[in-house]
Amino acid sequence: IPILRAAQAVAKRPLSLYASPWTSPVWMKTNGAMTGRGTLKGSPGDKYHQTWAKYFIRFLDEYAKHNLTFWAVTAGNEPTAGEIVFYPFQCLGFSPEHQRDFIARDLGPALANSSHRDVRLIILDDQRVMLPYWAQVVSATVDLLAPRRLSQPWPLVTPFSCQVLKDPVAASYISGIGIHWYLDFLAPIDLTLSITHHLFPDYFLLSTEASAGSYFWE
């Protein structure tokens, strides 16, 4: 909080802050640990998912007491990391379907019914190699059979993208898609970001994490 205040004091305009949780408390998790493979116990709509959504609201409430407000939150940092056995950092696993349902039944309503209803919600917050597959949780209005002008062959991505059901309830709570850059060498931009933007022009694409190098070992 002191660092954010110091940054705001020298900024020429208000800071746009976003928050991204890495893991829930261990008592909510299937593996009972901060690291390694594990997700929330139970299923969306139950006490674990409802409680985790309330943690988001409490976090925003506590920062608001210090006159710090957030432009956005993500549904979770690198949700695929929590699907990796022995992953060494804090993580919380979600599949796109799980994240979709958590947003539709728990996190989306919690934000919408709070004093933080204007805080934007960002999905994915993970490698762009997951796109456009992961983004199918966003919109229920995409006609995958409609003609489109794309720089890469459309049939290459359609079967993969179609695997995730699209949910208008989840879509109504989501503003954008967060991306990291560590596996960019595996994911050409025309087959990931360009197609995702073409499919979902109403949702922003935001680079939410980078480091000293674009390879995950750097």
**Request:** Mind running side chain to side chain contact (heavy atoms under 4.5 Å, CB included) on N31 and R37 for me, showing each step along the way?
**Result:** CA-CA 7 Å; N31 64 339; R37 185 178 184 181; 5.5 Å; no

Is it the case that the side chain of [X] and the backbone of [Y] share a donor-acceptor pair, with hydrogens and angles ignored and the cut-off at 3.5 Å?
X    : Y    : answer
T74  : I122 : no
D125 : S20  : no
R105 : F102 : no
R128 : L193 : no
H180 : Q127 : no
E78  : C91  : no
D106 : G45  : yes
K29  : M34  : yes

Counting only heavy atoms from other residues, nucleotides and ligands, does the tally under 6.0 Å from [atom1] of [X] exceed 12?
X   : atom1 : result
H98 : NE2   : yes
F89 : CZ    : no
K41 : NZ    : yes
R58 : CZ    : no
I3  : CD1   : no

**Prompt:** By side chain to side chain contact (heavy atoms under 4.5 Å, CB included), which residues pair with V169, not counting sequence neighbours?
**Reply:**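 If we apply the side chain to side chain contact (heavy atoms under 4.5 Å, CB included) test to V169, skipping adjacent residues, the hits are A104, D167, Y173.
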
**Item:** Ring center gap for F59 and Y55 short of 6.0 angstrom
**Value:** no

**Message:** Determine whether the aromatic ring centres of residues F94 and W52 are separated by less than 6.0 angstrom.
**Reply:** no

**Asked** Is any side-chain N of the basic residue among E97 and R100 closer than 4.0 Å to the acidic one's carboxylate O?
**Response**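 Looking at R100 together with E97, the answer is no, because their closest N to O distance does not fall below 4.0 Å.
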
**Prompt:** Does the side chain of W181 reach to within under 4.5 Å of the side chain of S207, using non-hydrogen atoms?
**Reply:**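 With C-beta onward as the side chain, the pair stays apart.
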
**Message:** Does the plane of the ring in F70 sit parallel, tilted or perpendicular to the ring in Y63? Use 30° and 60° as the thresholds.
**Reply:**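 It falls in the perpendicular class, over 60°.
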
**Item:** Gap separating the CD1 atom of I189 from the CG atom of L131, nearest 0.5 angstrom
**Value:** 11.0 Å

